Amino acid sequence: MKHIYLDHAATTPVSKDVFDAMQPYFREKYGNPSSIYKLGQEAKSAVEHAREEVADMLGAKPREIIFTSGATESNNLALKGVAFYWSQNLKKKPHIIISSIEHHSVLDTAEYLEKNFGFEVTKLPVSKEGIVDPTDLESVIKDNTVIVSVMYGNNEVGSIQPIKELGEVIKRVNAKRVRPLQNNGKSHDFEHENSLQGSDPCSQPIVFHTDAVQAFQYLDCDVKGLGVDMLSLTGHKFYGPKGVGLLYVKSGTKFLSQQQGGAQERGLRAGTENVPYIVGMAKAMSDTRKQLTISKQQIADLRDYLVKRIAAEIPDVVLTGPEIGKKRLPHIASFIFKKIEGESILINLDLLGIAASSGSACTSGSLASSHVLTAMGYDDLLAHGSIRFSLGKMNSKEEIDEMMKHLPQIVEKLRGMSPIK
Amino acid sequence: MSDMYSKKVMDHFQNPRNVGEIKDASGVGEKGNPTCGDIMKMYIKVGKKNGKEIIEDIRFQTFGCGAAVATSSMITEMVKGKTLEEAEKISNAQVAEALGGLPPIKMHCSNLAANALQDAITNYRDNLGTK
Ligand SMILES: Cc1ncc(COP(=O)(O)O)c(C=O)c1O
Ligand code: FES
């Protein structure tokens, strides 16, 4: 059976070039970067070279990059690191603002902090298209707000968030609230000491974090252009390996390290560096950047073809997220097939060797309907019938044609079994 | 994903038995699943055999996952021709077992089929009472 893979927002295969770049670091150049002899220093220089490369692509300084085990860890580190730092330095409990359509690694982290530590959490609403309104952000910022986390591109419906505009709102608030810093030379560096002089509630600058996991391969991710203080990435969404990621942290941003142990990553993330994977992620990122314009157009064209065919050949379908051509990632197209449930469609596709997903990959094992679609105003029944197709550079028009030979019948068959009229 | 289910489940999922509605049903049951929000509808046609009420015909419709489809298909096979008393006694666990097991996260789906059937039987008896 030929395999048709339409789930690139879940993960992508490691490219041949990335695989080749990683190889030497398993069996030949296997040293520990903390070791002082040649083998160790070789590994260290590979990690530092990767750091320079990725920093350059993000418009950051190498020392602003922390390698992690993936975006889940990066998102946890961002939210917990900042919130815990300020929980010791503010009179009130810290307040965290996220959007209501974040990935579970942000959403659940915020809810964990709320439930177990009594931190305040506000979730920004989104429009029917799945987009946050910057004026809403302005109205929910409070004295004790310490971090705002809004994703760059949504993984379920592909909506792009107005990161720049949100950043400007935060900058305006910060300009009013931050008193001139005592220039003790430390303020331009990460600080993870536990005390802060003169910590009245309104002196802390709000940290702006974005999860750019789905956006990196298609959108400009220059951190200065975006105006973010923290940015998360994971290796495997752009033909790099799984289990490696990074967190950009702007110099001077205050947060507490969440993992204690060795002095790796300048003491901010303990644990022996995953050398081959870090090398692989850097290679995948630079390959992605080189192909950006070609692959973006190619994938958007294929997506448009898929959307057109589904709209023409299947009745009662809704394309979720922004209209085509508007504020939307090129690789994701999610649809609600009315009156039927997502998993049944997926199993039928799977039996034909076609891989797609319902909502996000992580939630297809769970029962709750998508929090993203619910936040966008779809009722539970509709939110249950959602299927996400996400395209990659290896997909072809022929594969879409093949899938479309079956999808209309699958939908018709399942609708024939549905009690919903 | 299809690997998550047993062969028997997949068979019932791909070729569900007794799908549809019964226009002149003696009883109709409908249940929503509180865990996942899915919906199941059961139609029964009750007849008499040796003086006992039996399920002569049964149909289902579902807005549910693969396990919901398979369990409802399975239960319709299990109760067809049985007396109402026998049909009522069939438990979710029995249905799951007849299917060669369900993944733990999907056990609640089998409730949907059994509850909708019980609801249909209750509905039939209520209808009798009002006649
Ligand atoms: C938007 C977004 N954020 C975070 C993650 C988590 O990445 P990982 O599972 O690699 O940690 C994913 C994908 O799984 C994602 O799509
Ligand atoms: S998940 Fe809803 S019936 Fe199975």
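Chain letters run A, B, ... following the sequence lines, proteins first and then strands; every chain starts at 1. Predicted, not measured: the structure shown is a model, and the values here were computed from it.
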Answer yes or no: does atom [atom1] of [X] have more than 12 heavy-atom neighbours from other residues, nucleotides or ligands under 6.0 Å?
X         : atom1 : answer
Glu97(B)  : CD    : no
Lys52(B)  : NZ    : no
Tyr305(A) : OH    : yes
Glu412(A) : CD    : no

Can you check whether [X] reaches [Y] side chain to side chain, under 4.5 Å on heavy atoms?
X         : Y         : value
Val69(B)  : Leu414(A) : no
Ser344(A) : Phe13(B)  : yes
Met417(A) : Pro16(B)  : yes

Toward chain B, the part of [X] with a non-hydrogen atom under 4.5 Å:
X         : answer
Lys339(A) : backbone
Ile340(A) : backbone
Leu349(A) : neither

* How close do Gln14(B) and Lys413(A) get, heavy atom to heavy atom, and via which atoms? ->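 Closest heavy-atom pair between Gln14(B) and Lys413(A): O-NZ, 3.2 Å.
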
* To do: Mind running side chain to side chain contact (heavy atoms under 4.5 Å, CB included) on Glu341(A) and Thr62(B) for me, showing each step along the way?
  => CA-CA 9 Å; Glu341(A) 196 260 3; Thr62(B) 187; over 6 Å; no

* Contact winner vs chain A - Gly66(B), Ala67(B), Gly64(B), heavy-atom pairs under 4.5 Å ->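 Sorted descending by pairs with chain A, the first entry is Gly64(B).
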
* Picking from Phe63(B), Phe60(B), Tyr43(B), what satisfies side chain to side chain contact (heavy atoms under 4.5 Å, CB included) with Pro419(A)? ->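 Result: among Phe63(B), Phe60(B), Tyr43(B), Phe63(B) is the only option passing the side chain to side chain contact (heavy atoms under 4.5 Å, CB included) with Pro419(A).
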
